[in-house]
Number of protein chains: 2
Amino acid sequence: MAPPLYQVVMNTIVDRIASGSLPSGAMLPSETQLGAELGVSQGTARKALMELEARGLVQRVQGRGTFVTVRTPETSLFNFFRLRNPDGTLESPRLEWETVRRRAATPEERAELFGRPESVIEIERVRSLAQRPVTHEVSVVSAALFPGLADRVPLPNTLYVFYQQAYSVIIVRADERLSAHAVSEASAKALGVPAGTPVLEVRRRAIDVLDRVVELRSSQSLTDQHDYFVSVS
Amino acid sequence: MAPPLYQVVMNTIVDRIASGSLPSGAMLPSETQLGAELGVSQGTARKALMELEARGLVQRVQGRGTFVTVRTPETSLFNFFRLRNPDGTLESPRLEWETVRRRAATPEERAELFGRPESVIEIERVRSLAQRPVTHEVSVVSAALFPGLADRVPLPNTLYVFYQQAYSVIIVRADERLSAHAVSEASAKALGVPAGTPVLEVRRRAIDVLDRVVELRSSQSLTDQHDYFVSVS
DNA sequence: TATAATTAGTCTTGTATAAGTATTGATGTA
DNA sequence: TACATCAATACTTATACAAGACTAATTATA
């Protein structure tokens, strides 16, 4: 069965974005141009663009055009870093320190990550809010998918923006499993809290626009001063 | 400025659902009928219906029709009760006990809840998974918005389904603030765990189809055997 | 009972027109 | 001349409508 035309149009655009030929912030062809270029009507091109907007991949404004969604630290924060003050406001978290190393993948990581990588890059970080360490997180990505990443330390504060800018890997959604535990030994040391302190543990699988699991991240956060904010529907 | 026609169509349908004249599971008029009835084209009626589907208010299947989304305990569970086994599966949580009482609203509750109620109904519950109490939750709703609710104990297991069936109050989304704490004294007693046990606290504001905050819920859960599952995008 | 025809619904595509945005160029004035 | 103002215009997306294709359930028929 042939897929509908508008899906064909969608796929070509997704490919162009994922390949980097339409970089972050770039203006897409207009509905009319796109239709002419791909041999469909303006209405069909329009439907594809609206679908992509609904998925958050592009943004459209009447009278101006359609643009590849720009992931700034702020928007990325809003989506994936979600510690908030009790009143709902948010300061920027500060990156205290990080270590980046390359190592062999565990069997679980091989099974979960896209490409079944033999070798992974592990990024360990401590973030602080209000002059106080609050989050200890470890991110793991395939070394093959992010060549040379380990040589680019220090990495930018917001990894998802960096993935998109430097590797055209666009994170669009994530699964998270949350639990409350007594802080782990490693995190207790990293955060400078006594053993037994309750922490919020978040285990996240980040998924990109091509539906690939490209990052595993596990974090422990202190939530006596801040809340982890979620909006569900 | 007159709103676009498709929004007018949307609003009339939302009103019909919220008023109960289109109950849960009911079939809506077809695109063609709806268009004729409201004096717009089939395409415009279609656009309204698709928008409502995107919001989860109706479900459409080609060749059959459009139906008001049915909230079963299962779908409601999937949306708003999110404790999972580590492997992602889910048993049905059992309702251990509940108490329902009417009392004066606190100033915070008055400020948050729709209608600034003087009087609220408080529903306290303990749920268990695998023969073990895991969640202690307290829900608070406006007494005016849910008349007679306190007289209907025992309440059904899933409140959101009940709200829709009995009061045509349709919860469509929620804000949640999560944190990890040592268990509160009340919850320690309710769950039968020692003081100091880490629990996941969830404070939720549930919002209905008319954009009203209709329920405040605070729960404490044990997460040593289960995870709290979230999907973000 | 099986099978074909019909009906009633959504889905896809196309076209015309409205409305919003930004640029350009003319015009008036200090 | 230099500069601000304003109208025209050449883009863009948004709205609305219409025709035909596809899909599922029901009804008629062999």
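Order of the sequence lines fixes the chain letters, A, B, ..., with proteins taken first and strands second; residue numbering starts at 1 for each chain. These values consider heavy atoms only, across backbone and side chains, with no hydrogens, waters or symmetry-generated copies.
For B:M10 and D:dA16, the CE to P distance is 13 Å, given to the nearest whole Å.
Inter-axis angle, ends of the helix from C:dT1-D:dA30 to C:dA30-D:dT1, five pairs per end, rounded to 10 degrees: 0°.
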Protein-proximity profile, nucleotides 7-17 of chain C, B/S/- by nucleotide at the 4.0 Å heavy-atom cutoff, equals --BBBBSBBB-
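Under the side chain to side chain donor-acceptor pair (under 3.5 Å) criterion, the residue pairs touching residues 56-71 of chain B are B:E31-B:R60, B:R60-B:T66, with sequence neighbours excluded. Within the structure, no pair that satisfies the side chain to side chain donor-acceptor pair (under 3.5 Å) test touches residues 18-30 of chain B, not counting sequence neighbours. Sorted pairs that involve residues 153-168 of chain B and meet salt bridge (Lys or Arg N to Asp or Glu O under 4.0 Å), not counting sequence neighbours, are lacking altogether.
Listed by chain and number, the residues in a side-chain contact (heavy atoms from CB on, under 4.5 Å) with A:D151 amount to none (sequence neighbours excluded). Shown here are the side-chain contact (heavy atoms from CB on, under 4.5 Å) partners of A:S128, two or more places apart in sequence or in another chain: A:R94, A:E96. Residues satisfying the salt bridge (charged side-chain N to carboxylate O under 4.0 Å, His left out) test with B:E176, not counting sequence neighbours, are B:R82, B:R204.
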Show me the side-chain donor-acceptor pairs of residues 6-14 of chain A shorter than 3.5 Å, one per line, residues at least two apart or across chains.
from	atom 1	to	atom 2	distance (Å)
A:N11	ND2	A:Q7	O	3.4
A:T12	OG1	A:V9	O	2.7

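Within a 6.0 Å sphere centred on CZ of A:R212, other residues, nucleotides and ligands contribute more than 12 heavy atoms.
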